[in-house]
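One structure is given here, and the rest of the page talks about it.
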Amino acid sequence: MDTRSPAAAEIERRMALLNLNKKRLAELAGLNETYVHDILRGKSRHPGGDRLEKVAAVLGCTASDLLRGGTVAGGSPAAQRLKALRERAGYTVRALARDLGMGEKFSSYAFYENKLKKDFIPVEMVSRLVPLLTDRGDPPIAPAEIWALCGIVPGETDLNESIRRAERATAPTHTDDGSVTVHEYDISPQAGAGAIVDHTACGDGEHHPTLDSWRIPRDFIRNYLPDTNGLAIIRVAGNSMEPEFMAGDRVLVDTSHRVPSPDGVYVLWNGMGVVIKQLMLVPNSRPRRIRIISVNPTYPVDEVNASDLVINGRVVGKWVWK
């Protein structure tokens with residue numbers, strides 16, 4: 001149980017949003033680092049007075065806010081980071097909305113601070129915030145802090161390409177012309193973690209970046225699949241599924257189908273990367289066990305408990321060129 005002052009957790013939360021450590025916070029507040037250290041470690045369980053007000057001023061709130069342990073009501077972590085940057089830049093909600101070109105409709109901007117549930121701010125909004133917030137506040141806001149609101153980290157990849165990926169990922173999946181937009185993900189081991197689903201505004205499917213986005217006629221897909229949501233495209237890597245699936249083949253994956261029934265070809269996380277394998281339920285097994293089969297006979301057959309499998313989806317189609 002956390003026996004510290006309620007202010008301790010709130011100070012930590014706001015420090016993280018502003019990318020401050022306790023030493024820098026103390027410097028900006030004109031205080032000895034020991035004061036902040038004692039609050040965070042629970043040695044000062046009833047902080048208050050002028051010194052706490054100085055800490056609160058740096059964190060963009062009041063001492064009462066810290067003692068209440070207040071949070072941004074209903075907002076996601078991205079919403080909280082946005083509010084913290086706005087306050088650090090010295091903007092009011094109304095003034096920032098006006099500079100963003102929203103006129104007096106400041107409630108349109110306030111939505112992103114108070115009600116946004118997504119993990120990231122839309123890239124179009126962030127691109128407009130960059131010139132407005134950069135170099136404002138103390139410490140001055142860096143462009144990287146603003147781009148991080150939409151999941152873009154300048155320097156890791158070309159910034160323009162990162163922006164294009166983010167824009168592709170936030171494109172509507174169902175368009176007015178009757179097509180479905182399906183994202184193609186990079187599943188190479190160095191590209192991401194264990195999943196290819198739930199893409200976000202940053203252009204990643206749980207850390208797997210979008211390589212491209214494909215528009216496919218909705219009626220064509222519905223000839224084979226009743227539900228066109230949750231589709232993804234990946235490229236086969238390796239030779240374990242040859243000759244059925246060759247390295248470089250594009251396959252269509254239904255990421256909503258994560259139970260290995262019926263038997264078929266599925267996309268898995270094997271602890272090292274995302275792979276494609278044939279799965280077969282072992283009859284009458286208790287607990288349920290699944291055989292993991294490679295089409296290429298030079299690879300062994302594995303068998304695991306169904307509960308140990310991390311399934312991303314079922315392969316429902318592939319591109320074949322004649």
Side-chain angles (χ1 to χ4, degrees), residues 165 167-189 191-200 203-270 272-281 290-299 301-302 304 306 309-322:
R165 284 180 175 177
E167 290 170 341
R168 288 196 296 265
T170 53
T173 56
H174 293 77
T175 57
D176 293 338
D177 64 1
S179 64
V180 176
T181 299
V182 183
H183 300 293
E184 178 182 340
Y185 293 104
D186 180 1
I187 63 163
S188 56
I196 60 171
V197 294
D198 300 330
H199 72 271
T200 65
D204 292 357
E206 293 190 7
H207 310 297
H208 283 283
T210 53
L211 293 174
D212 214 328
S213 297
W214 300 83
R215 295 176 67 178
I216 305 172
R218 187 182 308 146
D219 290 342
F220 172 78
I221 293 182
R222 283 180 174 168
N223 285 332
Y224 307 96
L225 295 170
D227 187 358
T228 56
N229 292 306
L231 296 177
I233 295 171
I234 64 174
R235 292 192 187 191
V236 177
N239 64 353
S240 68
M241 295 296 284
E242 292 182 355
E244 182 66 22
F245 297 94
M246 307 296 290
D249 284 351
R250 284 189 176 95
V251 296
L252 184 65
V253 181
D254 180 1
T255 64
S256 64
H257 192 150
R258 303 193 195 182
V259 177
S261 177
D263 296 346
V265 179
Y266 289 81
V267 178
L268 318 174
W269 170 252
N270 68 359
M272 294 290 291
V274 175
V275 298
I276 296 174
K277 295 291 182 181
Q278 184 173 339
L279 299 184
M280 180 180 296
L281 178 66
I290 303 293
R291 290 195 182 101
I292 303 176
I293 304 167
S294 299
V295 175
N296 187 333
T298 63
Y299 286 80
V301 174
D302 294 324
V304 299
L309 278 179
V310 178
I311 298 177
N312 285 289
R314 179 182 173 90
V315 175
V316 294
K318 72 173 182 177
W319 272 254
V320 178
W321 299 97
K322 297 294 188 181

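For Arg291, the salt bridge (Lys or Arg N to Asp or Glu O under 4.0 Å) partners two or more places apart in sequence, or in a different chain, are Glu303. Considering only residues two or more places apart in sequence or on other chains, Phe245 meets the ring pair (Phe, Tyr, Trp, His ring centres under 6.0 Å) condition with none of them.
Side-chain contact check for Ile311 versus Pro260: some heavy-atom pair is nearer than 4.5 Å. With contacts defined as side-chain heavy-atom distances shorter than 4.5 Å, the pair Val253/Val316 does not qualify. In this structure the side chain of Leu281 reaches within 4.5 angstrom of the side chain of Ile290, judged on heavy atoms. No side-chain heavy atom of Ile234 sits under 4.5 Å from any side-chain heavy atom of Asn312. Under the 4.5 Å side-chain criterion, counting only non-hydrogen atoms from C-beta, Leu231 is in contact with Asp254.
Donor-acceptor pairing under 3.5 Å is recorded for the side chains of Asn296 and Thr298.
Taking all atoms of both residues into account, the shortest heavy-atom contact from Ile276 to Met241 is O-CG, 3.2 Å. Smallest separation of non-hydrogen atoms from Trp319 and Val251: CZ3-C, 4.1 Å. Closest heavy-atom contact between His257 and Pro262: CE1-CD, 4.1 Å.
Judged by distance alone, with hydrogens and angles left aside, the side-chain atoms of Arg235 form no donor-acceptor pair with the main-chain N or O of Glu184 at under 3.5 Å.
Counting only residues at least two apart or on different chains, the side-chain hydrogen bond (donor to acceptor under 3.5 Å, both in side chains) pairs with a member in residues 239-248 are Asn239-Tyr299, Ser240-Lys277.
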